[in-house]
Number of protein chains: 2
Amino acid sequence: MAKGPTVYHVAERAGVSIATVSFTFRQPDKVKASTRDAVLAAAEALGYVPSASARGLARGRTGALGLFAYDYLLDPAHGRREEGIAASVPAPTEGLGNEDLRLFPLYVDEVQRGVELECWRRGQALLVGGGNPENNEAVLSDIAGRVDGLAIFPRSVPSEALARIARRIPVVEVSESDLNADLDHVTVDNESGIRAITEHLLTVHGMTRLMFLGGMPSSDNDHRLQAFLRTLHDAGLSSARGPNYPCGSDERVAEVVRLLCQGGNLPDAIVCATDQDALVVLDTLAAAGVNVPKDVAVTGFDGIAAGRVVRPSLSTVRQPLEQMGRSMVQLLLDRLDNPEKPPANVHLPVRLVVRESCGCQAA
Amino acid sequence: MAKGPTVYHVAERAGVSIATVSFTFRQPDKVKASTRDAVLAAAEALGYVPSASARGLARGRTGALGLFAYDYLLDPAHGRREEGIAASVPAPTEGLGNEDLRLFPLYVDEVQRGVELECWRRGQALLVGGGNPENNEAVLSDIAGRVDGLAIFPRSVPSEALARIARRIPVVEVSESDLNADLDHVTVDNESGIRAITEHLLTVHGMTRLMFLGGMPSSDNDHRLQAFLRTLHDAGLSSARGPNYPCGSDERVAEVVRLLCQGGNLPDAIVCATDQDALVVLDTLAAAGVNVPKDVAVTGFDGIAAGRVVRPSLSTVRQPLEQMGRSMVQLLLDRLDNPEKPPANVHLPVRLVVRESCGCQAA
DNA sequence: TTGGCAAATCAAAGCGCTTAGATATCTATT
DNA sequence: AATAGATATCTAAGCGCTTTGATTTGCCAA
């Protein structure tokens, strides 16, 4: 691992100046073909690999985009994906890992996948940084120093830290467009999604006593609750229960469900704010011996993989996760091209996916 | 997006030299507490974010690791994941994407996940670069210039390109340890895996006419074929057919299966080199109206998500994919600490997973 | 007080590249 | 053959940080 060759070495070997070496790689047409070949040959012979650090410094751009992949499952409010931190989730190597798709891929993972594919398609380097509750800010700042633009997930970064970073580089966020209104955003049609699944329960299944349940508060979830209430209202109904959102954590969600079971007056359906919530509900109901969908229907929102595999499989609203990631990259690059344009918002459609947990398919 | 503040600005504002600013961030104990606070305050006020390019240039290290996430499905030998390139795979936005887990997560995606988790756990920045058949070398070189160490998948980079890069930074590879013997490697116990699943077919299901089938050639697959033949030999049997590996592509695999069906003499079981191959086999058999596992058993190797979801679900050998990714990071960091140590090889265990396609569970 | 040592701070020299602007080399005209 | 105008190449000045070695400051013992 001897220090590698630099422009100087290549230049010397090719008998040209370092500028010509640089031009050969960055603006090949400025260089006569014969010279170019000589430089390329020298570079090849020497095993020259241009330093991105030096280039970045000289250009004032790193040439990479960043994704701050905050891991919600590392959040104290949930179990944890990391090894041995919470008993509720098996360590990753136990049974050689991820057998049930409960841990991966999640919502964020599919969005990340979209970010990656779009970056690669465009020949963009992508830095993925992972937060964890302890050193979020430090990690974030480190990433920010390495990239030309940053994509982040909702609620993963405090607004003030965000503002600081956004002063230096463009930032695009999923959802939360109300909160950080000066950033670019990718949002989905929560309204239509909740309306579709709620009306499905109402009209197809003839249910009338519905409740909304959600753990973590978020802008998306707020909108979903509102849409839920509006849909009921439009149907001349009201929520079967008071506000069960935001409960605050998976554990609190489970608690609410247990109380419901004990009370003996289950609603016809529990409309959950997210698939994650719905899985907790499903687990808790199963533990209480309640049959889904016979005794109560359950729906989610997001369309994560686990919802397909769990029994009963989860009726939900599928978000275009990959596309959301792609759109983030798009927005970032657009803004890099045109820093002064007003904040943009890409609003994407969602799709109803009916499976077993609402009573549609045979369990 | 005005050019951000630099050490100079922070130093001026805090009334110290730029060296002190740098020390404040990199070696805080060298700086008196009061000075440190002043610097931090100035940095905060100015919204200072250190430039990783400058740091990398000065230090000779970027502080990031790289993963060259070659996408096998973008390879001409397979269908493609990208939109509209091959008819065999729906465009990613069609139906809002990845409904059946056939496209994601694959083998490489789960390994990547392990790389990410381990990097984040250790506070390492991670650059994920994506190759595509057209510009592989360029992308690879670009990544190499950005990182201190690189993790790659088997057969994703020609050996000579690899050698060139390995001259500059440590490279760790999954599998293929025979081929690039001077690199660090993470391998799995192909021998035990194939032996376990083959013996399962032999002893539990009493099958005797087995064949091995695989598409793409690879070191792993070579070993699997050998292990298969040895296992049969040890049982006093021989392969039900000549070598059906490497066929070369998904299409060729399907062709072989179709011929088998037409010939009317199906073996008792088809032991596939990978899950990917097994899925193709399953599809092709289904199209030919052959029942699995009744008419013929099929097994895979890898343990990808799709194998859980497909009907019949796939009996396979599960690799510790996440752990493999984690080990790669481990090896890279170890070597960065100690460049002179001899090439290391982390060899990991696999596990038999019996599901429906071998006839174990009710289909 | 002063000398001596440790702790704190600083000055300055790069790190490897890009890119104006200057210079040299070619081409095409006259 | 001379010269304007391209074209090709080069010179040199950074880009923002780290880090060595020098210098200053602070503290304590003599």
Side-chain angles (χ1 to χ4, degrees), chain A residues 2-40 42-43 46-64 125 141-142 144-148 168-169, chain B residues 2-40 42-43 46-64 125 141-142 144-148 168-169:
Chain A
K3 294 252 70 187
T6 70
V7 267
Y8 295 96
H9 302 118
V10 176
E12 184 175 6
R13 171 142 185 164
V16 299
S17 75
I18 61 166
T20 301
V21 175
S22 182
F23 285 144
T24 298
F25 287 97
R26 305 303 153 206
Q27 309 174 52
D29 343 284
K30 286 192 67 169
V31 178
K32 197 171 30 166
S34 59
T35 317
R36 196 192 311 146
D37 293 345
V39 171
L40 256 16
L46 260 27
Y48 171 66
V49 177
S51 153
S53 293
R55 183 182 341 130
L57 182 54
R59 289 227 261 225
R61 283 227 188 162
T62 66
S141 175
D142 180 68
R146 296 174 178 276
V147 300
D148 297 329
R168 272 184 62 90
I169 54 174
Chain B
K3 294 251 70 188
T6 70
V7 268
Y8 295 97
H9 302 117
V10 176
E12 183 173 8
R13 170 141 185 166
V16 299
S17 75
I18 60 165
T20 302
V21 174
S22 182
F23 286 143
T24 298
F25 287 98
R26 304 304 155 207
Q27 310 173 51
D29 343 284
K30 285 193 66 170
V31 179
K32 198 171 30 166
S34 59
T35 316
R36 196 191 312 145
D37 294 345
V39 171
L40 257 16
L46 294 170
Y48 171 66
V49 177
S51 153
S53 292
R55 183 181 340 128
L57 182 55
R59 289 228 261 228
R61 284 227 188 163
T62 65
S141 175
D142 180 67
R146 297 174 178 274
V147 301
D148 297 328
R168 274 183 60 90
I169 55 174

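All heavy atoms count here, side chains included; hydrogens, waters and symmetry mates do not.
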- Query: According to a strict under-4.0 Å criterion, is A:Ser17 in side-chain N/O contact with OP1 or OP2 of D:dC10?
  - Reply: yes

- Starting at atom CZ of A:Phe25, determine the distance to atom P of C:dG16, rounded to an integer number of angstrom. 16 Å

- Message: Measure CZ/A:Arg61 against P/C:dG16 and give the value in whole Å, please.
- Response: 25 Å

- Base, sugar-phosphate, or nothing: which does B:Ser22 touch, judged by heavy atoms less than 4.0 Å apart? base

- Item | Residue whose nearest DNA chain C nucleotide is more 5′ - B:Ala58 or B:Gly15 | B:Gly15

- Note on the structure: To the nearest angstrom, the CG-C1' distance between B:Asp37 and C:dA8 comes to 15 Å

- Chi angles and distances behind the salt bridge (Lys or Arg N to Asp or Glu O under 4.0 Å) call for B:Asp142, A:Arg55: CA-CA 11 Å; B:Asp142 180 67; A:Arg55 183 182 341 130; 3.7 Å; yes

- Whole angstrom value for the distance that separates P of C:dA8 from CZ of B:Phe23: 12 Å

- Item | Value in whole Å for how far the P atom of C:dG16 lies from CZ of A:Arg59 | 18 Å

- Query: Backbone N or O of A:Gly47 within a donor-acceptor pair of the B:Arg168 side chain at under 3.5 Å?
  - Reply: no

- Note on the structure: Here the gap from A:Arg36 atom CZ to A:Thr20 atom OG1, rounded to the nearest 0.5 Å, amounts to 12.0 Å

- Message: Rounded to whole Å, how long is the line connecting atom CD1 of A:Ile18 with atom P of D:dC10?
- Response: 11 Å

- Query: Nearest to the side chain of B:Val7, which nucleotide is it out of C:dG16, C:dA12, D:dG16?
  - Reply: D:dG16

- Message: As a test of reading the structure: which of C:dC17, D:dT9, D:dC17 is closest to the side chain of B:Ala54, going by heavy atoms?
- Response: D:dC17

- Task: Answer with yes or no whether B:Tyr8 presents, from its side chain, a donor or acceptor under 3.5 Å of a partner atom in the base of D:dC17.
- Result: yes

- Message: Rounded to whole Å, please give me the gap between CZ in A:Arg26 and P in D:dA8.
- Response: 20 Å

- Which is true for B:Val16 with a 4.0 Å heavy-atom rule: it touches a base, it touches only sugar-phosphate, or it touches nothing? sugar-phosphate

- Note on the structure: Side-chain contact check for A:Lys32: nearest option of D:dA8, D:dG16, D:dT20 is D:dA8

- Where each residue is assigned the nucleotide of DNA chain D containing its nearest heavy atom, which of A:Arg36 and B:Lys30 is assigned the position nearer the 5′ end? A:Arg36

- At under 4.0 Å, does any side-chain N or O of A:Thr20 touch on OP1 or OP2 of D:dC10? yes

- For A:Val21, answer base if it contacts any base atom (sugar-phosphate contacts may also be present), sugar-phosphate if it contacts only those atoms, and nothing otherwise; contact means non-hydrogen atoms under 4.0 Å. nothing

- Query: Any donor and acceptor pair, going by atom type alone, linking the side chain of B:Ser53 with main-chain N or O of A:Thr62 inside 3.5 Å?
  - Reply: no

- Choose from C:dT19, D:dT9, C:dG16 the nucleotide whose nearest atom is closest to any side-chain atom of B:Leu57. C:dG16

- Task: Select one nucleotide: of C:dG16, C:dA8, D:dT18, the one nearest the side-chain heavy atoms of B:Arg55.
- Result: D:dT18

- Message: I'd like to know whether A:Val16 forms a side chain to side chain contact (heavy atoms under 4.5 Å, CB included) with A:Val21, so could you lay out the CA-CA distance, the side-chain angles of the two residues, the decisive distance to 0.1 Å, and finally the verdict.
- Response: CA-CA 7 Å; A:Val16 299; A:Val21 175; 3.9 Å; yes

- Task: Please work out if A:Tyr48 contacts a base, only the sugar-phosphate, or nothing of the nucleic acid, heavy-atom cut-off 4.0 Å.
- Result: sugar-phosphate

- Message: Rounded to whole Å, please give me the gap between CD in A:Gln27 and C1' in D:dC10.
- Response: 14 Å

- Remember a base hit wins even if backbone is also touched, and classify A:Thr35 as base, sugar-phosphate or nothing at under 4.0 Å, heavy atoms. sugar-phosphate

- Query: Rounded to the nearest 0.5 Å, how far apart are CZ of A:Phe23 and OG of A:Ser17?
  - Reply: 8.0 Å

